[in-house]
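A quick write-up on the structure given underneath.
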Amino acid sequence: MSDLVYLKDDGVNAVSPAFAARFATAKAHYFSRNPELWPVFREPGFATLNEFRARGLAPDARLNAWPDGRARLADLCETMPVPQAMRAPGEPMTELLFAGALSKDWENPSSVENVITMSADPAIYGAQMGILANPNLVYSEYAGVAEELEKKVVRQIALLAGYDPHRATGIFTQGGTFCNLYGYLLGIRKSLPEAKHKGLGHYQDYRIINSQGGHYSNITNLSLLGVDIENKTIRIQVGENNDIDLVDLERTLTACFALKHVVPTIMLTMGTTDTFGVDQVKPVVELRDRLCERFEVAVKPHIHVDAAIGWSMIFFLDYDFAANPLAINAATLAGIERNVTRFAELKYADSFTVDFQKWGYVPYTSSLVMIKEQDDLKAMENDPENFSYFERDIQGQTHLQSTIECSRGASGLFGAYAALNYMGVEGYRTVLAHCLQNANYFRFRLSQLGNVKLVAQENQGPSVGFKIYNPEWVSDPEAEFTFELARSADPAYKARLQRNTDYHRDLFKHRGKVGLFTNWVEAVAHSEYDERGKYSYIAGEKAVFMNPACGREQIDAFIEHIRG
């Protein structure tokens, strides 16, 4: 997308009447909290909570808008014992309702701070069904038929991503961090099998590889595993769009194999948090296979993809871009098609992370680690004697011996199943396209201001990173950003960079919450690498358009407020 279609004119960003009608239907069916469609919302507490949140109040107005809000908050902050007396079931639990209503309001149309959004009505319904049934997915005797529901969702995601549903497997777990932990562990257990009993300290010559553009859990998980991060982890450089540098990766992996270092895992990312950088997977798999053959590496590095944010793009893998049946606008259609070429490569990964709780519109927590070859889980199995209080004949029928958890709740599974199978591919495509059309419209409006630099402009995800410059100092934002990228020890460079950052930061802090609730990011971009591979972070602002309630009214209000 080198010509940046979304910047051409207002026409390529226009919403067609056909798409608008289709989205209105999807929103009414799945994001309305309508008790006529979803009777669960008729419960008095739920109804009160939803009524309050539907008002879309500004963050600083919510507390005072709740009856006795400040007194309620003060009461919650008090240290109080558990009541001695029992409470009647019909008696209102006002503290509970207050805490729920005044939690972060993701239903507000202006909420675009991060990769979090409101949950879909069917997902809430499904999650509550899972809570009511209360199965434990860790063991078939404790899960019952819920175990088959998990297997069905795994097969559905396998089919969407291009895995063989008969060979793949998956585990619902507690968030994307745990999914990525499984990714590391699968590689470690396959390449360093004695680590299960002797720890990673037993091995001296191993290296874990991940990307500098990856989520912070890519590092915190290594600390949890006891990896010597400073000496045993290699972080690969990224390009200007925050995708992994294949040249640096090849150089690094070649050196590791030449020095006889074992490489258990290579961690990739498809959809970085701040700019939606998407790594290529197929070239990494081909590189790994070629170098393993060259250096006679017996156990190949396990390639795990953190697709927690970007996984939803797989709904478009078989979309007819020529016919464009959803009537997606030209700018967004081009961006989705570009993404599809990358996400079609997800099928080459050995495992990947799916966060239904992000761009899948399912309540927390709902995360799934997908594994291409179910036999890989055999390397994760712990000793059977550790599971003496489970029936031995049943143990092998489940993931019991291979999971990190001893308890795996099913609310995330039930919510995911309900969302997938109520909304379907068409529903997801419609809602995702609405969000991406918003993102492109926001990019277009920002570009009209004349003093804004859009970061990682070719990335076509929901995340929009940008920098605002003082027009009295900067006449060409592109040239100024290029200057900032050229990392330098010169005090004049540092002073100019700090001046620009302070200007934008002051605008952000004093602007107020108007139109869009954006987020400040200390690393919306990074400088070029110096001769030692060092780089600096460049701060800025971002908005993430995953919220189906957000529309052009909020975007226009934000832009007009910036203009003053």
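- Judged by distance alone, the side chains of Asp355 and Ser367 do bring a donor and an acceptor atom under 3.5 Å apart.
- At least one side-chain heavy atom of Leu181 sits under 4.5 Å from a side-chain heavy atom of Leu225.
- Between Asn440 and Gln460, some side-chain heavy-atom pair lies under the 4.5 Å cut-off.
- A ring-ring contact (aromatic ring centres under 6.0 Å, His included) check over residues 293-316, counting only residues at least two apart or in different chains, returns the pairs Trp311-Phe315, Trp311-Phe356, Phe315-Tyr428, Phe316-Tyr319.
- One finds the CG atom of Leu246 at 7.5 Å from the CG atom of Leu287 (value rounded to the nearest 0.5 Å).
- Side-chain N or O atoms of Ser312 include one that pairs as donor or acceptor with a backbone N or O of Trp359 at under 3.5 Å.
- In this view, Tyr184 satisfies the ring-ring contact (aromatic ring centres under 6.0 Å, His included) rule with no residue, not counting sequence neighbours.
- Asp279 CG to Leu346 CG: the interatomic distance, rounded to the nearest 0.5 Å, is 11.5 Å.
- Across all non-hydrogen atoms, the minimal contact from Ala418 to Gly126 is CB-CA, 3.8 Å.
- In this structure a side-chain-to-backbone donor-acceptor pair under 3.5 Å is present from Asp248 to Gln237.
- Under the 3.5 Å distance criterion, the side-chain polar atoms of Asp490 are matched with a main-chain donor or acceptor of Ala492.
- Using a 3.5 Å distance cut-off with no hydrogens or angles, the side chains of Tyr469 and Lys453 do not pair a donor with an acceptor.
- By the 4.0 Å N-to-carboxylate-O rule, Arg429 lies close enough to Asp318 to be salt-bridged with it.
- By the 4.5 Å heavy-atom criterion applied to side chains, Val238 and Tyr529 are counted as neighbours.
- Distance alone, capped at 3.5 Å, is enough to place a donor-acceptor pair between the His504 side chain and the Ile468 backbone.
- For Glu250 (side chain) and Asp245 (main-chain N/O), no donor-acceptor pair under 3.5 Å exists by modelled atom type.
- With no hydrogens or angles considered, no side-chain donor-acceptor pair links Asn242 and Thr272 at under 3.5 Å.
- The only option from Arg496, Lys467, Lys494 that meets the salt bridge (charged side-chain N to carboxylate O under 4.0 Å, His left out) definition with Glu484 turns out to be Lys467.
- Rounding to the nearest 0.5 Å places CZ of Phe481 at 11.0 Å from CG of Asn500.
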Working for side-chain contact (heavy atoms from CB on, under 4.5 Å), residues His399 and Thr169: CA-CA 10 Å; His399 296 321; Thr169 190; 3.2 Å; yes
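- Between Lys260 and Asp205, none of the side-chain N atoms (NZ, or NE/NH1/NH2) sits under 4.0 Å from a carboxylate O, so this pair counts as no salt bridge.
- A donor-acceptor contact closer than 3.5 angstrom links the side chains of Gln174 and Thr365.
- Between Asn438 atom CG and Met546 atom CE the span is 13.0 Å, to the nearest 0.5 Å.
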Pair Leu446-Val464, side-chain contact (heavy atoms from CB on, under 4.5 Å): steps then yes or no: CA-CA 10 Å; Leu446 285 175; Val464 180; 4.3 Å; yes
side-chain contact (heavy atoms from CB on, under 4.5 Å) between Glu147 and Ser140, worked out: CA-CA 6 Å; Glu147 182 181 46; Ser140 60; 3.3 Å; yes
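- Checking side-chain atoms of Thr265 against main-chain N and O of Met267 turns up no donor-acceptor pair under 3.5 Å.
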Criterion side-chain contact (heavy atoms from CB on, under 4.5 Å) on Ile171 and Leu377, from CA distance to verdict: CA-CA 10 Å; Ile171 298 172; Leu377 273 183; 4.2 Å; yes
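- With a 6.0 Å radius and a threshold of 12 heavy atoms from other residues, nucleotides or ligands, Lys347 has its NZ atom at or below the threshold.
- Side-chain N/O atoms of Ser111 and Asn547 include no donor and acceptor closer than 3.5 Å.
- Asn136 and Ser407 make their closest contact through OD1-CA, 3.5 Å (heavy atoms, listed as atom of the first residue, atom of the second, distance).
- Scanning all heavy atoms of the two residues, the minimum distance from Tyr163 to Ile371 falls at CE2-C, 3.8 Å.
- Applying the salt bridge (charged side-chain N to carboxylate O under 4.0 Å, His left out) test to pairs two or more places apart or on separate chains, those with a residue in residues 405-414 are Glu150-Arg408.
- The environment of NZ in Lys232 is crowded: more than 12 heavy-atom neighbours from other residues, nucleotides or ligands sit within 6.0 Å.
- Nearest heavy atoms, Asn339 versus Gly461: ND2-N, 4.3 Å.
- Residues Leu192 and His202 have side chains not in contact (no heavy-atom distance under 4.5 Å, counting atoms from C-beta outward).
- Under the 4.5 Å side-chain criterion, counting only non-hydrogen atoms from C-beta, Arg443 is not in contact with Gln457.
- Of all non-hydrogen atoms in Leu368 and Gly170, the two that sit nearest each other are CD1-C, 3.9 Å.
- The pair Lys104-Glu113 meets the salt-bridge criterion, with a side-chain N (NZ, NE, NH1 or NH2) lying under 4.0 Å from an Asp/Glu carboxylate O.
- Within the 4.5 Å cutoff, no side-chain heavy atoms of Trp106 are placed close to those of Ser119.
- Looking only at side-chain heavy atoms (C-beta outward), Tyr535 and Gln212 come within less than 4.5 Å of each other.
- No donor-acceptor pair under 3.5 Å is formed between the side chain of Ser411 and the backbone N or O of Ala127.
- Under a 3.5 Å cut-off, the side chain of Asn241 and the backbone N or O of Asp243 do not form any donor-acceptor pair.
- Put simply, the side chain of Arg342 does not reach to within 4.5 Å of the side chain of Met313, judged on heavy atoms.
- A salt bridge links Arg167 with Glu373: the distance from a Lys NZ or Arg NE/NH1/NH2 to an Asp or Glu carboxylate oxygen falls below 4.0 Å.
- With Thr254 contributing its side chain and Arg251 its backbone, the two residues share no donor-acceptor pair below 3.5 Å.
- A distance-only check finds no donor-acceptor pair linking the side chain of Thr275 to the backbone of Ala456 [under 3.5 Å].
- Of the listed residues (Lys372, Arg288, Lys300), just one forms a salt bridge (charged side-chain N to carboxylate O under 4.0 Å, His left out) with Asp350, and that residue is Arg288.
- To the nearest 0.5 angstrom, Asp530 atom CG is 5.0 Å from Arg487 atom CZ.
- Salt bridge annotation for Lys378-Glu381: absent, with no cationic side-chain nitrogen under 4.0 angstrom from a carboxylate oxygen.
- Asp306 pairs with exactly one of Asn218, Thr273, Thr177 by the side chain to side chain contact (heavy atoms under 4.5 Å, CB included) rule, that one being Asn218.
- Between Ile309 and Phe276, the shortest heavy-atom contact is CG2-CE1, 4.0 Å.
- With rounding to the nearest 0.5 Å, the separation of CD1 in Ile209 from CG in Leu268 is 10.0 Å.
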